[in-house]
Amino acid sequence: MLDVRRIRERPEEVKERLAIKGGSYPVDQIVEVDRERRKRLVDLENLKARRNRVSQEIASHKRNREDAEEKIAEMRRVGSDIQALEDRITEISQHLHELLMETPNTPLTMVPAGADANDNVAVYHYGQPTTFTFEPIAHWMLGERLGILDFERAHKLAGARFSLSKGLGARLARALSNFMLDHAAERGYEEVLPPFLANRDALFGTGQFPKFENDVFRVEPAELFLIPTAEVPLTNMHRGEILAQTALPIKYVAATSCFRFEAGAAGRDTRGIIRQHQFEKVELVQFVHPEMSEAATEQMRRDAESVLEDLGLPFRTMLLCGGDMGFTQALTYDLEVWMPSYGRYVEISSVSNMTDYQARRAEIRYRSQGSRKTEFVHTLNGSALAIGRTLAAILENFQTADGHIRVPDVLEPYMKTERI
RNA sequence: GGAGGGGUGGCCGAGUGGUUUAAGGCGCACGCCUGGAAAGCGUGUUGGUGGGCCAAAACCUGCCUCGAGGGUUCGAAUCCCUCCUCCUCCGCCA
């Protein structure tokens with residue numbers, strides 16, 4: 001959620017920034033509705049001030065056993081005026097809130113303009129697309145042949161877009177998860193094992209709701225939702241809190257399952273484990289001082305990139321253009337790993353700076369040491385990494401001519417074998 | 001699942017319809033006192049959101065805020081309803 005005061009005071013600047021994302025947003029309307037709301041608020045508060053004052057007088061009359069009927073009758077009228085005005089202001093406020101909800105975060109100045117993924121800018125490369133002396137096989141074929149991925153039985157259990165891994169496949173997933181958690185812990189992230197279900201307020205706080213309600217699984221009979229990413233529980237841990245400035249930055253890492261309905265992705269990535277209803281992911285989240293957020297984003301990007309580098313997987317890092325960015329993001333890097341079966345780079349991580357947009361929705365503040373004033377923190381998150389896609393990338397990039405998989409050195413202590 | 005009891009400021013804790021603009025204590029900050037400190041004394045100490053002052057800061061001022069949301073009332077921390085959460089006991093359970 002954008003700061004309504006910023007829109008009120010500098011609407012042109014906000015419009016300019018939003019233009020980078022493309023589309024049209026109700027900035028002028030927000031300014032107008034906000035003005036209307038504040039105007040009526042003054043009237044309401046004057047009425048309430050009067051009621052408070054006269055109520056004191058009534059109390060004083062009652063104590064002195066004097067008649068207060070006239071004032072009570074007067075306040076009865078004032079009370080109904082207040083009620084009517086309050087109802088009107090509630091309507092206006094809801095309208096204003098809806099308009100603000102339709103307005104995405106403003107991109108940082110370094111974000112390039114552009115309409116879609118074609119306008120993203122590659123900012124970093126590691127390795128080269130893998131070359132083979134034989135015909136490489138797709139991970140879903142390899143996985144089934146090696147008996148480490150089983151799609152048919154997973155479909156029997158839960159339907160399409162589910163898979164299961166077993167044997168060394170399951171161990172590889174666990175190895176990746178443990179390796180990535182350790183990797184993050186070395187970089188100062190505190191490990192968290194959060195609930196995999198979250199309530200409506202949490203989904204709203206991180207910005208999945210109200211816009212993407214159709215993309216998550218709702219769990220009956222409680223009003224709970226399977227988390228689409230650990231960003232939801234990790235960021236909402238501090239929802240409604242005022243943090244000490246000395247506590248910043250707060251850095252969390254969690255390995256969780258993630259659940260996405262993938263509505264609108266019908267027919268896309270139907271083979272393999274690239275796009276599933278359930279997948280595992282190691283997620284990084286940071287709460288930082290606003291002045292530190294750009295540097296922290298670069299650092300988090302390195303935290304994610306170094307996972308791929310340690311594994312030895314070829315990838316590139318893309319700075320997303322305005323048109324390809326998410327709703328709540330002010331800056332996003334996508335890490336894309338080379339996937340031989342696709343013959344192209346495939347997203348394996350996304351590192352984003354939400355500036356204060358999420359913090360404002362979720363009311364996460366900090367109190368600066370000198371002053372008593374509270375400010376919103378900046379929130380960052382990034383995957384490091386998506387387990388399933390990393391597993392697929394390892395199968396495909398490290399397959400050998402005899403149909404086996406070379407285990408990356410850094411995983412050997414976890415795998416207890418050099419090859420699958 | 002059953003029965004009962006709680007949720008008040010940074011913390012503890014009083015408060016069952018009107019001098020409560022939330023008592024008192026602890027902690028913290030500043031000041032006085034002191035050679036310096038302790039003690040003592042004094043002042044301040046939830047957050048949010050409006051208005052005023054050319055802008056900012058400071059300052060003045062209104063409204064809201066006693067787990068959350070509704071309701072009753074001229075007036076609600078206090079009464080009623082719904083929800084969340086914590087604790088105790090019983091039952092069940094990885």
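To find a chain, count down the sequence lines: A is the first, B the second, and so on, and within it residues start at 1.
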Suppose you measure atom P in B:A57 against the same atom in B:G40; what distance do you get, rounded to whole Å?
39 Å
How would you list, by chain and number, every residue that makes a side chain to side chain donor-acceptor pair (under 3.5 Å) with A:Thr256, sequence neighbours excluded?
none
Atom CG in A:Asn381, atom CZ in A:Phe287: separation rounded to 0.5 Å?
10.0 Å
Between A:His378 and A:Tyr366, does a ring-ring contact (aromatic ring centres under 6.0 Å, His included) hold up when you go through it step by step?
CA-CA 10 Å; A:His378 281 196; A:Tyr366 72 95; 9.0 Å; no
Whole angstrom is fine here: how far is it from CZ in A:Arg200 over to C1' in B:A68?
16 Å
Interface residues of residues 40-55 of chain A with RNA chain B (non-hydrogen, below 4.0 angstrom):
A:Val42, A:Glu45, A:Lys48, A:Ala49, A:Arg51, A:Asn52, A:Ser55
Say we look at B:U45 and B:U61: how far apart would their P atoms be, to the nearest angstrom?
13 Å
Tell me every residue that passes side-chain contact (heavy atoms from CB on, under 4.5 Å) with A:Pro413, counting only those two or more places apart in sequence or in another chain.
none
Taking B:G47, B:C74, B:G18 as options, the one with an atom nearest any side-chain atom of A:Arg367 is B:G47
Tell me which of A:Lys71 and A:Glu375 sits closer to the 5' end of RNA chain B, going by the nucleotide each one is nearest to.
A:Glu375
When rounded to whole Å, the CD to C1' distance for the pair A:Glu241 and B:G47 reads 14 Å
Both conditions, 6.0 Å and 45 degrees, for the charged tip of A:Arg218 above the ring of A:Phe225: are they met here?
no
Regarding the side chain of A:Ala59, the nearest nucleotide among B:C74, B:G18, B:G51 is B:G18
If you look at every strand shown and take non-hydrogen atoms under 4.0 Å, does A:Arg77 touch a base, only sugar-phosphate, or nothing?
nothing
With rounding to whole Å, what would you report as the distance between B:A14 and B:G9 at their C1' atoms?
13 Å
If only side-chain N and O atoms count, and only distance matters, is there a donor-acceptor pair under 3.5 Å linking A:Gln286 with A:Tyr252?
no
Walking RNA chain B from its 5' end, the first of A:Ile72 and A:Ile242 to be reached, judged by nearest nucleotide, is A:Ile242
Given the P atoms of B:A38 and B:C26, what is the spacing between them in whole Å?
16 Å
When A:Phe217 is tested against each of A:Phe259, A:Phe261, A:Phe196 for ring-ring contact (aromatic ring centres under 6.0 Å, His included), which residue passes?
A:Phe261
If I pick the P atom on B:U8 and the same atom on B:A23, what distance separates them, to the nearest angstrom?
16 Å
Are A:Arg38 and B:G50 close enough that a side-chain N or O sits under 4.0 Å from OP1 or OP2?
no
Show me the side-chain donor-acceptor pairs of residues 152-163 of chain A shorter than 3.5 Å, one per line, residues at least two apart or across chains.
unit_1	atom_1	unit_2	atom_2	d
A:Arg153	NH1	A:Asp150	OD2	2.6
A:His155	NE2	A:Phe162	O	3.4
A:Arg161	NH1	A:Arg268	O	3.4
A:Arg161	NH1	A:Arg275	O	3.0
A:Arg161	NH2	A:Ala265	O	2.9
A:Arg161	NH2	A:Arg268	O	3.0
A:Ser163	OG	A:Gln276	OE1	2.9

Roughly how many Å apart are B:A76 and B:C63, using the P atom of each and rounding to a whole number?
13 Å
Using the C1' atom in both, what is the distance from B:U19 to B:C30, to the nearest Å?
30 Å
So what does A:Arg37 hit on the nucleic acid, given a heavy-atom distance under 4.0 Å: a base, only sugar-phosphate, or nothing?
nothing
In whole angstrom, what separates A:Glu363's CD from B:U46's C1'?
14 Å
Here the distance between atom C1' of B:C64 and atom CD1 of A:Ile82, to the nearest Å, is 13 Å
Euclidean distance, atom NZ of residue A:Lys39 to atom C1' of B:U49 [Å, nearest integer]
19 Å
Is there a side-chain polar atom (N or O) of A:Gln56 under 4.0 Å from OP1 or OP2 of B:G18?
no
Rounded distance in Å - CE (A:Met75) to P (B:G17)
23 Å
P atoms of B:G17 and B:A77, separation to the nearest Å
13 Å
Using a 3.5 Å cut-off on both pairing distances, which stems of three or more Watson-Crick or G-U pairs include RNA chain B?
B:1-7 with B:84-90, B:10-12 with B:24-26, B:27-32 with B:40-45, B:47-52 with B:59-64, B:67-71 with B:79-83
Roughly how many Å is it from CG in A:Leu224 to C1' in B:C83, rounded to a whole number?
13 Å
Give a yes or no on whether a salt bridge exists between A:Arg5 and A:Asp34, defined as a side-chain N under 4.0 angstrom from a carboxylate O.
no
For residues 68-78 of chain A, which side-chain N or O atoms pair as donor and acceptor with protein atoms under 3.5 Å away, sequence neighbours left out?
unit_1	atom_1	unit_2	atom_2	d
A:Lys71	NZ	A:Glu57	OE1	2.6
A:Glu74	OE2	A:Arg50	NH2	2.5

Please state how far atom CG in A:Asn199 lies from atom P in B:U85, giving the value in whole angstrom units.
9 Å
Under 4.0 Å between a Lys/Arg side-chain N and an Asp/Glu carboxylate O for A:Arg419 and A:Glu412?
no
